[in-house]
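Report on the structure given below.
Note that the structure is a prediction, hence the values are computed from the model and not measured. Note that these values count all heavy atoms, side chains included, but never hydrogens, waters or copies made by symmetry.
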Protein chains: 2
Amino acid sequence: MPSFVETPVTTEIPGPVSRASSKRLDAIFDARAVHFVVDYNKSNGNYIVDVDGNKYLDVYAQIASIPVGYNNTTLIEAAKSPEMASALVNRPAVGNFPSDQWVDILRDGLMKVAPKGLSYIFTAQSGSEANELAYKAAFMLYRRKQRGDGVEWSEEETKSCLNNSKPGSPELAIMSFQNSFHGRGFGSLSTTRSKAVHKLDIPSFNWPQAPFPALKYPLAQHAEENAAEEKRCLEEVERIITSWHCPVAGLIVEPIQSEGGDNHASPAFFQSLRDITKKHGVCLIADEVQTGFGATGSFWGHDHWNLSSPPDMVTFSKKAQTAGYFFGNEQLIPDKAYRQFNTWIGDPARVIMCKAVIKEILDKKLVEQTARVGGLLYNQLENLAAKYPDYIQNLRGKNQGHFIAFDTKDPASLVRSMRAIGVNIGTCGVNTVRLRPMLIFEESHIPILVGALDKVIGAL
Amino acid sequence: MPSFVETPVTTEIPGPVSRASSKRLDAIFDARAVHFVVDYNKSNGNYIVDVDGNKYLDVYAQIASIPVGYNNTTLIEAAKSPEMASALVNRPAVGNFPSDQWVDILRDGLMKVAPKGLSYIFTAQSGSEANELAYKAAFMLYRRKQRGDGVEWSEEETKSCLNNSKPGSPELAIMSFQNSFHGRGFGSLSTTRSKAVHKLDIPSFNWPQAPFPALKYPLAQHAEENAAEEKRCLEEVERIITSWHCPVAGLIVEPIQSEGGDNHASPAFFQSLRDITKKHGVCLIADEVQTGFGATGSFWGHDHWNLSSPPDMVTFSKKAQTAGYFFGNEQLIPDKAYRQFNTWIGDPARVIMCKAVIKEILDKKLVEQTARVGGLLYNQLENLAAKYPDYIQNLRGKNQGHFIAFDTKDPASLVRSMRAIGVNIGTCGVNTVRLRPMLIFEESHIPILVGALDKVIGAL
């Protein structure tokens with residue numbers, strides 16, 4: 001009995017209808033990155049269908065951002081609710097004129113899944129924006145501590161900041177790690193270190209990067225080397241904090257470096273990061289834009305760290321379908337209103353969708369499902385790696401749900417071959433294939449995915 | 001016959017229900033800037049209703065961002081469409097996997113109102129993001145011209161940019177004007193020059209600001225002085241471009257400086273800005289976040305400038321209910337895909353709402369209505385200014401639709417008094433009251449607004 005049933009792909013990819021649609025689009029909107037054009041009405045659950053009628057098991061999921069499947073009925077219900085129509089039509093400046101429902105949308109949604117110890121939220125519209133808002137909160141807190149609680153701003157400060165000069169516009173830094181990705185705004189991009197295509201030609205702040213552990217796999221066979229590597233990186237983190245040309249107000253880290261190549265570190269590493277940042281008064285920001293909302297088999301990626309005290313801020317987006325940051329320390333609320341502010345402060349329509357996503361995740365126990373199915377998937381991939389040791393290397397993501405990746409010689413070609421037999425899959429880093437299934441990925445999809453990999457790699 | 005009929009405000013503001021709701025909210029979300037909590041189901045057209053049952057004529061309109069009225073039926077129809085449900089539920093990574101409808105949503109919506117000469121669009125989620133994307137496009141274009149068309153990136157560039165160092169992360173600047181507001185991201189905030197509360201404690205790029213003309217009113221009585229003032233500012237613009245410590249790649253300007261105090265300049269000033277920027281190879285970016293979408297009595301604020309060649313980029317948000325930038329020069333599309341990119345690239349749900357807004361504006365001829373009603377409103381305010389010369393000063397916005405403002409001694413107190421008799425109105429700058437009615441503001445609302453001002457100022 002074959003373990004792999006091919007789904008119907010009948011055209012080259014992109015097919016002729018996709019190409020024609022793309023070409024029309026390209027006349028008004030840069031369409032060079034279009035993989036294929038999608039018929040979202042025909043897409044369903046784990047499957048995406050293109051306009052040429054090709055159907056793919058989708059383990060890329062809109063760059064890891066579809067949480068509970070295409071045309072999910074719980075989400076459709078939320079989308080068609082009167083509450084949603086009002087949020088779409090009467091878009092509020094939520095900081096000035098919130099609706100009477102706003103507090104309950106937050107309480108019954110995002111606050112239900114707030115990371116332990118973090119009791120406040122600030123809403124945003126993208127992961128990049130969420131990170132920048134967290135940086136601003138870290139800078140304001142740093143200066144508040146320097147200035148002293150309740151000390152008024154000086155005239156020199158308020159005047160100089162309008163001219164982008166010291167002391168009002170201080171030299172302060174956010175530290176990040178090599179190979180990290182934290183977004184594409186001018187602040188978030190200054191912490192992104194993934195690829196030149198993300199950063200070239202854009203002015204950046206003179207902020208530091210620390211090395212992120214380059215672990216060797218399988219982990220069990222390299223325990224000692226890996227511990228030494230993590231120690232080396234931690235020492236560099238502390239060295240930079242204490243020697244950088246200006247104070248480091250925050251350190252941002254992904255639980256698993258995603259765009260940068262699915263790079264992992266141990267809970268012990270993150271525990272030490274918490275200790276070091278606390279010791280030096282540096283805000284620790286966990287960037288959970290890609291790891292949050294269940295993908296690692298726990299609701300938050302940093303749940304795996306078993307910290308004694310939580311990160312200062314946790315940012316989220318993607319599967320949340322909205323964005324923002326959680327925090328616990330009241331002092332991260334600036335000393336005056338309107339300092340952390342903007343017209344919309346997120347989008348209640350998207351926060352309502354997020355509430356429906358959370359309901360679906362909790363009702364259907366999708367985090368538990370992700371942990372269980374991810375474990376089974378990992379085991380099968382381990383077997384496949386044993387069969388193709390030259391093509392599946394450094395398999396990683398054990399006990400991290402289906403947040404799984406491996407290195408291979410020519411990931412772009414593997415992705416093309418996988419699409420050609422009906423599996424939409426993505427890459428990251430330099431030579432890595434990453435799996436980013438939705439949380440509704442089931443046992444039954446494992447043989448399809450693993451069978452397709454077997455077929456494609458077997459033919460190399 | 002009284003020209004002013006008081007709308008029912010029966011509680012202090014915020015009322016007890018607002019205060020209770022705000023207090024609940026403040027436990028999880030900074031609610032210090034809440035004016036009152038809104039019952040959006042009871043709000044309609046030009047009127048906003050709070051949870052205490054108080055009803056206000058709304059000439060502030062969610063910080064100038066409600067285009068065609070609360071619970072507008074055309075917008076409700078769009079919000080309840082199957083197209084919308086799909087966009088909400090199946091949120092795409094629009095650069096990789098656009099829907100087959102995406103090109104038509106753009107063509108039948110935003111591209112219908114594209115500024116003359118600008119045939120491309122890049123979608124975003126906020127005015128701040130739109131401006132930063134425009135800055136990035138300007139920087140990439142500048143370096144493309146320096147590097148030479150088709151010249152490959154050097155290894156030194158691609159390596160150094162990951163370290164935030166030259167030459168990959170170059171020193172290049174965006175120039176803005178004193179008192180301008182362009183957003184709160186790290187790049188956009190570096191060009192914002194409005195108030196310390198927006199900027200203090202946040203690191204900024206060392207970018208230049210030029211003086212914006214401080215015109216004297218009434219314009220007709222100060223023609224010569226004002227022309228000299230504009231000339232002085234233009235000379236400063238050119239001096240800074242040619243002498244700044246690094247190249248100026250772009251200049252961003254609001255057609256009317258909004259947050260900064262409703263500061264105007266003449267078409268001749270903007271024509272000269274276009275000439276100077278063109279001469280020095282500087283991208284001219286018109287920030288139409290607040291002026292765009294009809295508020296000035298033409299669809300775009302820069303339509304009033306009568307330029308011989310268009311701005312290089314025009315950014316928009318607020319009344320559009322979405323955001324982005326238009327451009328005409330193909331070279332503003334970066335030399336490689338994925339340089340100007342992010343996961344979502346805007347939100348198709350909001351772009352669908354924008355299409356409905358545009359349909360409503362064009363079908364109901366709301367730009368023409370705004371020009372006509374704004375003209376009538378201006379005349380009445382001119383009469384009121386003659387009656388209260390100490391309290392209504394520097395009235396401005398003639399022939400700019402109802403984008404009207406005046407200076408007064410204590411704008412915060414005036415706003416409170418206006419709310420107490422049923423008019424929700426806003427301030428900007430230091431001592432300015434600004435009118436930001438929706439485009440559906442009618443002749444019949446003029447006596448209510450002007451009557452309320454008469455009553456409040458008369459009682460001072």
Side-chain angles (χ1 to χ4, degrees), chain A residues 21 24-25 28-30 32-33 35 37-38 40 51 62-63 70 75-76 79-80 85-86 88-90 92-93 95-100 103 111 120-121 125 132 136 139-140 143 158 161-162 164 168-169 172 184-187 193 196-197 199-204 333 337-339 342-343 353, chain B residues 21 24-25 28-30 32-33 35 37-38 40 51 62-63 70 75-76 79-80 85-86 88-90 92-93 95-100 103 111 120-121 125 132 136 139-140 143 158 161-162 164 168-169 172 184-187 193 196-197 199-204 333 337-339 342-343 353:
Chain A
S21 178
R24 275 188 76 215
L25 181 58
I28 54 171
F29 182 93
D30 184 357
R32 287 174 297 175
H35 295 313
V37 177
V38 180
Y40 284 102
V51 287
Q62 309 296 329
I63 317 180
Y70 296 111
L75 267 56
I76 290 176
K80 291 186 169 173
S86 181
L88 285 169
V89 172
N90 307 309
N96 284 159
F97 304 100
S99 73
D100 45 346
V103 58
M111 293 316 293
Y120 295 96
I121 188 154
Q125 296 196 85
E132 295 211 344
K136 290 175 76 172
F139 289 133
M140 287 189 272
R143 290 284 298 129
T158 56
C161 75
L162 293 177
N164 293 7
S169 300
L172 295 171
R184 290 170 171 265
F186 282 81
R193 312 284 183 164
V197 75
K199 288 175 69 76
L200 191 76
D201 297 343
I202 312 301
S204 285
I333 301 172
Y338 288 105
R339 298 190 72 187
N342 59 65
T343 296
M353 290 311 295
Chain B
S21 178
R24 274 189 76 214
L25 181 58
I28 56 171
F29 182 93
D30 183 359
R32 287 174 297 174
H35 294 312
V37 177
V38 181
Y40 284 103
V51 288
Q62 309 296 331
I63 317 181
Y70 295 112
L75 267 55
I76 289 175
K80 291 187 169 172
S86 181
L88 285 170
V89 172
N90 308 307
N96 284 160
F97 305 100
S99 74
D100 45 346
V103 57
M111 294 315 294
Y120 296 98
I121 189 156
Q125 296 195 86
E132 295 211 345
K136 289 175 76 171
F139 289 133
M140 288 188 271
R143 290 285 298 130
T158 57
C161 76
L162 293 177
N164 293 6
S169 300
L172 294 172
R184 289 170 172 264
F186 283 81
R193 312 283 182 164
V197 75
K199 288 176 70 77
L200 191 76
D201 298 342
I202 312 301
S204 285
I333 301 172
Y338 288 105
R339 298 190 72 187
N342 59 65
T343 297
M353 290 311 295

Counting only N and O atoms by type, is there a donor-acceptor contact under 3.5 Å from the side chain of B/R184 to the main-chain atoms of A/R339? yes
Any idea which of A/I76, A/V103, A/L88, A/I202 has the most non-hydrogen atom pairs under 4.5 angstrom with chain B? A/L88
Which atoms of B/V37 come close to chain A, meaning under 4.5 Å heavy atom to heavy atom: side chain ones, backbone ones, both, or neither? both
Tell me, out of B/N342, B/T158, B/N96, B/V197, who's got the most heavy-atom pairs with chain A below 4.5 Å. B/N96
Most chain B-contacting option - heavy-atom pairs closer than 4.5 Å, from A/L25, A/N90, A/I333: A/N90
For A/F29 and B/I121, work out which heavy atoms get closest and say how close. CD1-O, 3.5 Å
So which of B/L75, B/L172, B/D100 has the biggest tally of heavy-atom pairs under 4.5 Å with chain A? B/D100
Contact between B/K136 and A/F186 at the side-chain level, heavy atoms closer than 4.5 Å - yes or no? yes
Taking side chain as C-beta onward, heavy atoms only, is B/M140 less than 4.5 Å from A/L200? no
Minimum-distance pair of heavy atoms, taken over all atoms of A/K199 and B/N164: NZ-OD1, 2.7 Å
Quick one: of B/S21, B/G187, B/P92, who has the most non-hydrogen atom pairs under 4.5 Å with chain A? B/P92
For the interface with chain A, which of B/D30, B/I63, B/V51 has the highest count of heavy-atom pairs at distances below 4.5 Å? B/I63
Which of A/F139, A/F97, A/Y338 touches chain B most, by non-hydrogen pairs under 4.5 Å: A/F97
Against chain A, work out which of B/S169, B/S204, B/A79 has the most heavy-atom pairs shorter than 4.5 Å and name it. B/S204
Can a donor-acceptor pair be found, under 3.5 Å and without considering hydrogens, that links the side chain of B/R32 to the backbone of A/G95? no
Shorter than 4.5 Å, heavy atoms on both sides: which option in B/K80, B/R143, B/M353, B/H35 has the most such pairs with chain A? B/H35
So A/Q62 and B/T343, do their side chains get closer than 4.5 Å, heavy atoms only? no
Out of A/A196, A/P98, A/S86, A/G185, return the one with the most heavy atom pairs under 4.5 angstrom to chain B. A/P98
Side chain, backbone, both or neither: which part of A/M111 has a non-hydrogen atom closer than 4.5 Å to chain B? side chain
